[in-house]
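Presented below is the structure to which this report refers.
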Amino acid sequence: HLLRISYEHLLAKDYDADLLRIALPRLCSARPELLTSSTWYVAEHPETGALVGCGGWTPQSPFRENIPHLRHFATHPDYTRQGIARALWDRTWKDWCDYHKATTTKKNNHCHSSDHENEKEEEEATAAAQEPRRPDMEVFSTRTAECFYASLGFQKI
C-alpha cells in the first residue's frame with residue numbers, strides 16, 4: 001500500500017516511532033469518496049506499472065466548508081526527488097484552476113452590461129482571474145512535507 005510505505009519510511013526521521021504506530025493507520029486510510037473523486041491521481045512506474053506516487057484535491061475540505069483541500073500526497077521512498085509529487089501537484093493545480101474558473105464563471109454569468117466602463121472592469125477582472133496566483137487551498141502537512149508545500153507557495157500558519 002503506497003500510503004503506508006511512503007509515510008512509514010519518510011515520516012520516521014521527523015516523528016517518534018510510538019506516535020507513528022498510533023497515527024499511521026489513520027493517515028494511511030484514504031476515504032472512499034476521495035478515491036472516486038476524479039481529482040485524486042496516481043503515478044505509475046513506466047516500466048513496471050507499480051504505484052510510485054499519489055495525490056490530489058477535493059473541492060471541500062473534510063474539516064471546513066467552501067475551501068479546496070489537498071489530499072494524501074505521497075511518493076514511494078525509492079522514487080522521491082524525481083519530480084513525481086511535483087507532477088501530481090501540476091495536475092492538481094490545473095484542475096483547481098479549471099474548477100475555480102468554472103465556478104466563478106457560473107456565479108458571474110448574470111453580470112452583463114453594455115456600459116463601456118463596466119466592460120473594462122469586467123475585462124480587468126477576467127484578466128486578473130486568469131493570472132496564476134497562490135491557490136485558495138488548505139493542506140494539513142506533516143513536518144516532513146513542509147518544504148515540499150512551501151516550494152509550491154503554501155505558507156505555514
Side-chain angles (χ1 to χ4, degrees), residues 1-108 126-157:
H1 188 267
L2 178 61
L3 293 175
R4 177 164 287 285
I5 292 169
S6 175
Y7 294 161
E8 200 168 72
H9 180 81
L10 298 174
L11 300 182
K13 67 180 181 191
D14 293 316
Y15 294 93
D16 179 72
D18 290 335
L19 177 62
L20 287 177
R21 204 173 358 273
I22 295 166
L24 282 175
R26 185 161 184 118
L27 285 173
C28 296
S29 298
R31 295 181 179 186
E33 66 270 16
L34 174 62
L35 299 175
T36 60
S37 69
S38 75
T39 57
W40 192 72
Y41 307 100
V42 296
E44 296 179 348
H45 189 281
E47 295 170 10
T48 66
L51 296 183
V52 295
C54 62
W57 71 288
T58 53
Q60 295 292 320
S61 166
F63 308 102
R64 299 187 305 162
E65 289 188 27
N66 299 322
I67 186 157
H69 184 79
L70 286 186
R71 307 290 293 270
H72 283 290
F73 269 69
T75 304
H76 190 286
D78 293 342
Y79 297 95
T80 60
R81 316 245 356 118
Q82 295 181 31
I84 294 167
R86 181 62 193 224
L88 290 163
W89 163 254
D90 289 345
R91 175 58 191 257
T92 298
W93 172 244
K94 180 190 177 312
D95 284 353
W96 184 89
C97 289
D98 291 347
Y99 172 83
H100 183 264
K101 194 181 302 181
T103 57
T104 303
T105 302
K106 287 178 187 175
K107 290 177 186 175
N108 293 329
T126 300
Q130 292 173 346
E131 290 178 13
R133 64 179 183 84
R134 183 68 222 112
D136 295 327
M137 289 183 137
E138 71 177 7
V139 60
F140 296 123
S141 177
T142 61
R143 287 182 220 144
T144 309
E146 284 179 353
C147 288
F148 170 69
Y149 291 118
S151 77
L152 303 178
F154 284 90
Q155 296 178 348
K156 185 177 179 178
I157 54 172

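Excluded from the calculations below are hydrogen atoms, water molecules and symmetry mates; all remaining heavy atoms, backbone and side chain alike, are included. Just so we're clear, the structure is a prediction, and the values are computed from it rather than from any experiment.
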message: Tell me every residue that passes salt bridge (Lys or Arg N to Asp or Glu O under 4.0 Å) with Lys94, counting only those two or more places apart in sequence or in another chain.
response: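 If we apply the salt bridge (Lys or Arg N to Asp or Glu O under 4.0 Å) test to Lys94, skipping adjacent residues, the hits are Asp98.
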- prompt: What pairs of residues pass the salt bridge (Lys or Arg N to Asp or Glu O under 4.0 Å) test when at least one of them lies in residues 72-89, not counting sequence neighbours?
  reply: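 Those involving residues 72-89 are Arg86-Asp90.
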query: Got a sec, which pairs hit salt bridge (Lys or Arg N to Asp or Glu O under 4.0 Å) with one end in residues 147-157, sequence neighbours left out?
result: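 Sorted pair list: Glu146-Lys156.
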Nearest heavy atoms of [X] and [Y], plus distance in Å:
X: Phe140; Y: His69; answer: CD1-CE1, 3.3 Å
X: Leu2; Y: Val52; answer: CD2-C, 4.1 Å
X: Pro68; Y: Trp96; answer: CG-NE1, 3.1 Å
X: Ala85; Y: Thr75; answer: CB-OG1, 3.8 Å

- prompt: Should the pair Phe148 and Phe73 be assigned to parallel (<30°), tilted (30 to 60°) or perpendicular (>60°) ring geometry?
  reply: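 Tilted, since the angle between the ring planes falls between 30° and 60°.
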Side-chain heavy atoms of [X] within contact of [Y], under 4.5 Å:
X: Trp57; Y: Met137; result: yes
X: Pro32; Y: Leu35; result: no
X: Pro25; Y: Arg4; result: yes

field: Residues in ring pair (Phe, Tyr, Trp, His ring centres under 6.0 Å) contact with His45, at least two apart in sequence or another chain
entry: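 If we apply the ring pair (Phe, Tyr, Trp, His ring centres under 6.0 Å) test to His45, skipping adjacent residues, the hits are Tyr79.
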[atom1] of [X] to [atom2] of [Y]: how many Å apart, nearest 0.5 Å?
X: Ser37; Y: Gln60; atom1: OG; atom2: CD; result: 12.5 Å
X: His72; Y: Leu88; atom1: NE2; atom2: CG; result: 14.0 Å
X: Thr39; Y: Tyr99; atom1: OG1; atom2: OH; result: 10.0 Å
X: Glu138; Y: Arg71; atom1: CD; atom2: CZ; result: 9.5 Å
X: Leu70; Y: Trp93; atom1: CG; atom2: CH2; result: 10.5 Å
X: Leu51; Y: His76; atom1: CG; atom2: NE2; result: 9.5 Å

query: Which residues satisfy the side-chain contact (heavy atoms from CB on, under 4.5 Å) test with Ala74, sequence neighbours excluded?
result: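 Applying side-chain contact (heavy atoms from CB on, under 4.5 Å) to Ala74 gives Leu3, Ser6, Tyr7, Cys54.
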task: Return the set of residues passing side-chain contact (heavy atoms from CB on, under 4.5 Å) with Tyr15 (not counting sequence neighbours), or none when no residue passes.
output: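 Scan of Tyr15 (side-chain contact (heavy atoms from CB on, under 4.5 Å), adjacent residues dropped) gives Leu11, Leu19, Leu20, Thr142, Arg143, Thr144.
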- prompt: Given the rule in the ring-ring contact (aromatic ring centres under 6.0 Å, His included) test, do Trp89 and Tyr149 qualify, once you have shown the distances and angles that lead to the verdict?
  reply: CA-CA 10 Å; Trp89 163 254; Tyr149 291 118; 8.1 Å; no
